[in-house]
Amino acid sequence: MEITLNAPLDMHLHLRDGDMLKLVAPLSSDFAGAVIMPNLVPPATTPAAMSAYSERIASAMGEESFTRYMTLFFTPQSEQQLTQAKATPGFFGYKLYPAGITTNSEGGVANLTEADSTLRMMQEMDIPLLVHGESHGFVMDRETEFLAVYRELAERYPKLRICMEHITTAAALQLLDEFDNLCATVTLQHLIITLDDVAGGALQPHLFCKPIAKRPGDRDALLQAALNAHPRLMFGSDSAPHPRCKKEACGCAAGVFTAPLALPRLAELFARHGALDKLQAFISDNACKLYGLTPVQKQITLHDVPMQVPASYRSYGQQVIPMYAGEQLSWSVKR
Ligand code: NCD
Ligand code: ZN
């Protein structure tokens, strides 16, 4: 069995910077492009910083046909700043983080009223808003608590394109169905694992991410929506590499590194559920329609030939542990 995908896109990707960027960027090169997250240290808040970062990605990637859809870290903006951002080549949208909610998000938004005028202008200018939707409440309830904020945003800015990033709950899917101006990304791991896989037995730091994996019913609802190619649900890996020493540590950093195996594992998952014909929509077409994207032409064939996932990826003095480290997947990329 095999499937050829046109222009697979990763709609939520962390590539980091420096030596880590050099290590991980080429591992996403089977994708035609990706939405690049801005939570660097310091975060990318200006078009100049964003463009410079995009150039560093291009040289680390060493692959010409990879489109970088660049995001800026949301802070309140003037009309002139928004106009300048929109005119910057490669600019995709703003990523809004509640202050302190995840890795490198300390400079995020503490109070949404401070964002009102910016969001109004973004709506007028048709600039997408990507949101890390978690409250500061109990860890299992953070996303459901944040749904009230999504609802408020969707109602107050009916023409703003709002993307609920890395959704993890059945409740988020229900909200998605209530508002046409909402779309969502979902990761590989949230289609597969639950909190049990993270902490039900021996603690698995390499499966620890924000938002934390939820209940079986949530995972099942997300998987069904992906397998049915829900038209406003897109693949976004949220592949978030951290050095091994930051993961296998007291105070484990949040993030699952999936970039090098996401496509084979998705093909395996969709094939097992008899839904391979829906993968193209989930991995590219939905995003292209929702955002009007025209990615570079890149075809990737996946087949049911096993892939050995390395125990780790290392170079440039960096080491990262992927999901499924040392295990065999039953699908791989046909080279
Ligand atoms: C991400 C990271 O490490 O940058 N971590 C994560 O657990 N997903 C940040 C994020 O997207 O929340
Ligand atoms: Zn992320």
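One-based numbering, in listed order, for ligands and for the atoms of each. Keep in mind it's a predicted model, so treat the numbers as computed, not measured.
Of all the heavy atoms of Met37, none lies under 4.0 Å from any atom of ligand 1, so neither backbone nor side chain is involved. Contacts with ligand 1 closer than 4.0 Å are made by heavy atoms of both the backbone and the side chain of Cys209. Of the heavy atoms in Asn39, only side-chain atoms (C-beta onward) come closer than 4.0 Å to ligand 1.
Checking His14, Arg16, Glu165 against atom 3 (O) of ligand 1, the nearest heavy atom belongs to Arg16.
With respect to the salt-bridge test (charged N to carboxylate O, under 4.0 angstrom), the residues Arg272 and Glu268 qualify. Electrostatic pairing of Glu165 and Lys95 does not count as a salt bridge here, judged by no charged N lying under 4.0 Å from a carboxylate O.
Side chains of Ser237 and Asp10: a donor-acceptor N/O pair is present below 3.5 angstrom, by distance only.
Checked against side chain to side chain contact (heavy atoms under 4.5 Å, CB included), Arg219 has the following partners two or more places apart in sequence or in another chain: Thr194, Pro216.
Identified under the side-chain hydrogen bond (donor to acceptor under 3.5 Å, both in side chains) test for residues 300-309, with sequence neighbours left out: Thr4-Thr301, His303-Ser332.
Atom NE2 of residue His190 and atom CG of residue Leu222 lie 8.5 Å apart, to the nearest 0.5 angstrom.
Shortest contact from atom 8 (N) of ligand 1 to any protein heavy atom: Asp238 OD2, 2.8 Å. Scanning all protein heavy atoms for the shortest distance to atom 7 (O) of ligand 1 gives Lys210 N, 2.7 Å. For atom 5 (N) of ligand 1, the closest non-hydrogen atom of the protein is Ala254 O, 3.1 Å. Protein heavy atom in closest approach to atom 10 (C) of ligand 1: Thr102 OG1, 3.5 Å.
Excluding waters, the set of protein N/O/S atoms under 2.8 Å from the Zn ion (ligand 2) reads His12 NE2, His14 NE2, Asp238 OD1.
In this structure, Lys278 places its NZ atom where more than 12 heavy-atom neighbours from other residues, nucleotides or ligands lie under 6.0 Å away.
Taking 4.5 Å as the limit, some side-chain heavy atom of Leu263 sits within range of a side-chain heavy atom of Ile283.
Taking the ring centre of Tyr316 as origin, the terminal cationic atom of Lys22 falls inside the region bounded by 6.0 Å and 45° from the ring axis.
For ligand 1, the atoms lying closer than 4.0 Å to a non-hydrogen atom of His12 are 11 (O).
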Less than 3.5 Å apart, which donor and acceptor atoms pair up between the side chains of residues 24-31 and the rest of the protein, not counting sequence neighbours?
| from | atom 1 | to | atom 2 | distance (Å) |
| --- | --- | --- | --- | --- |
| Ser29 | OG | Pro26 | O | 2.8 |
| Asp30 | OD1 | Arg335 | NH1 | 2.9 |
| Asp30 | OD2 | Arg335 | NH2 | 3.0 |

